[in-house]
Protein chains: 2
Amino acid sequence: MATSQTLDRTLTALADPTRRAILQRLSAGEARVTEVARPFNMSLNAVSKHILVLERAKLVKRRRMGREHFLSYRPEPLDAAAKWMAETRTFWAGRLDALEQLLREEDAAKP
Amino acid sequence: MATSQTLDRTLTALADPTRRAILQRLSAGEARVTEVARPFNMSLNAVSKHILVLERAKLVKRRRMGREHFLSYRPEPLDAAAKWMAETRTFWAGRLDALEQLLREEDAAKP
DNA sequence: AATATATTCAACCTTTTGGTTGAATGTGAA
DNA sequence: TTCACATTCAACCAAAAGGTTGAATATATT
């Protein structure tokens with residue numbers, strides 16, 4: 001039903017630069033908590049909390065293997081965001097074209 | 001250049017349900033501050049603050065006409081969001097199809 | 001000029017957020 | 001068993017967010 005709360009969680013999770021960086025890291029493939037945390041200039045605990053926020057938003061899934069937790073990226077929650085944008089037609093109008101073009105340009109850049 | 005800060009402002013603005021509702025209202029056309037505020041169960045001042053956040057994110061533009069301020073919706077900041085999503089390819093992959101389909105369904109529903 | 005309307009500014013309060021450090025838990029390695 | 005490692009839990013803190021009320025400002029209306 002795309003509760004407003006779901007959308008809130010998704011957008012709130014996305015609104016933080018650290019969390020966006022984490023997602024970008026994970027979009028390149030699974031990684032453990034420590035690995036994800038390494039590049040950041042903050043405590044492991046802080047990163048762990050950010051991961052929890054992403055997990056609550058279902059943008060990240062955790063797979064426990066012994067003492068290691070493997071994190072992976074989950075795109076599903078973006079459906080709600082896309083839906084909201086579609087509902088706010090004028091809002092979104094034209095953006096889709098821009099996005100399509102961006103993606104096409106990216107494809108064109110790679111052989 | 002799509003500063004991380006720009007993206008932050010956009011997504012932070014979008015992360016609040018009141019502000020999303022305001023944008024939806026404005027996507028239906030210009031309105032004054034008081035008009036925008038009316039449906040909400042909070043003080044005019046609170047709504048005024050939300051509008052300032054949307055303005056700072058450039059999602060809303062203000063046109064002063066005497067004592068009345070007319071607000072209108074501005075979609076441009078979403079470019080940065082779209083760009084970020086395009087950059088996080090795996091992240092976004094598949095979502096575009098879903099969005100396209102949603103929009104096509106909407107179009108089909110209207111003669 | 002006096003009053004009403006549209007809006008923001010300022011001060012304040014409470015809750016949430018993003019970070020810290022230190023201890024606890026669970027698992028693997030010596 | 002003992003020690004190291006991976007991760008979270010708990011308590012704490014400062015700053016930001018979201019709301020309130022009351023006063024200020026600017027513009028209309030009478």
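A, B, ... follow the sequence lines: proteins, then strands. Residue 1 opens every chain. The basis for the numbers below is simple: all heavy atoms, side chains too, and nothing from hydrogens, waters or symmetry mates.
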Would you list the pairs meeting salt bridge (charged side-chain N to carboxylate O under 4.0 Å, His left out) in which at least one residue belongs to residues 50-62 of chain A, sequence neighbours left out? A:Glu55-A:Arg62
A correct 5'-to-3' footprint of nucleotides 18-27 of chain D, with B, S and - meaning base, sugar-phosphate only and no protein heavy atom under 4.0 Å, is SBBBB----B
Rounding to a whole Å, what distance do you find between A:Arg64:CZ and D:dA6:C1'? 12 Å
Give the rounded distance in Å between these two atoms: CD of A:Glu55 and P of D:dT8. 8 Å
List in chain and number order the residues that pass salt bridge (Lys or Arg N to Asp or Glu O under 4.0 Å) with B:Asp8, two or more places apart in sequence or in another chain; answer none if no residue qualifies. A:Arg20
Could you name each residue pair satisfying salt bridge (charged side-chain N to carboxylate O under 4.0 Å, His left out) that touches residues 26-49 of chain A, not counting sequence neighbours? A:Glu30-A:Arg63, A:Arg32-A:Glu35, A:Arg32-A:Glu68
Could you give the NE2-to-P distance, from A:His69 to C:dT25, as a whole number of Å? 15 Å
To the nearest 0.5 Å, tell me how far B:Leu23 CG sits from B:Leu54 CG. 5.0 Å
What is the separation between atom CZ on B:Phe70 and atom P on C:dA6, rounded to the nearest whole Å? 11 Å
In whole angstrom, give the distance that lies between atom CZ of A:Arg38 and atom P of D:dT7. 10 Å
C:dT8 C1' sits how many Å from B:Ile51 CD1, rounded? 11 Å
Partner residues of A:Thr18 under the side-chain contact (heavy atoms from CB on, under 4.5 Å) criterion, sequence neighbours left out: A:Asp16, A:Ile22, A:Phe40, A:Met42, A:His50
Please check the phosphate of D:dT8 (OP1 and OP2 only) for any side-chain N or O of A:Ser48 closer than 4.0 Å. yes
In the hydrophobic cluster built from side-chain contacts under 4.5 Å, what are the other members alongside B:Leu52? none
Quick one: A:Leu52 CG to C:dT16 P, roughly how many Å, whole number? 17 Å
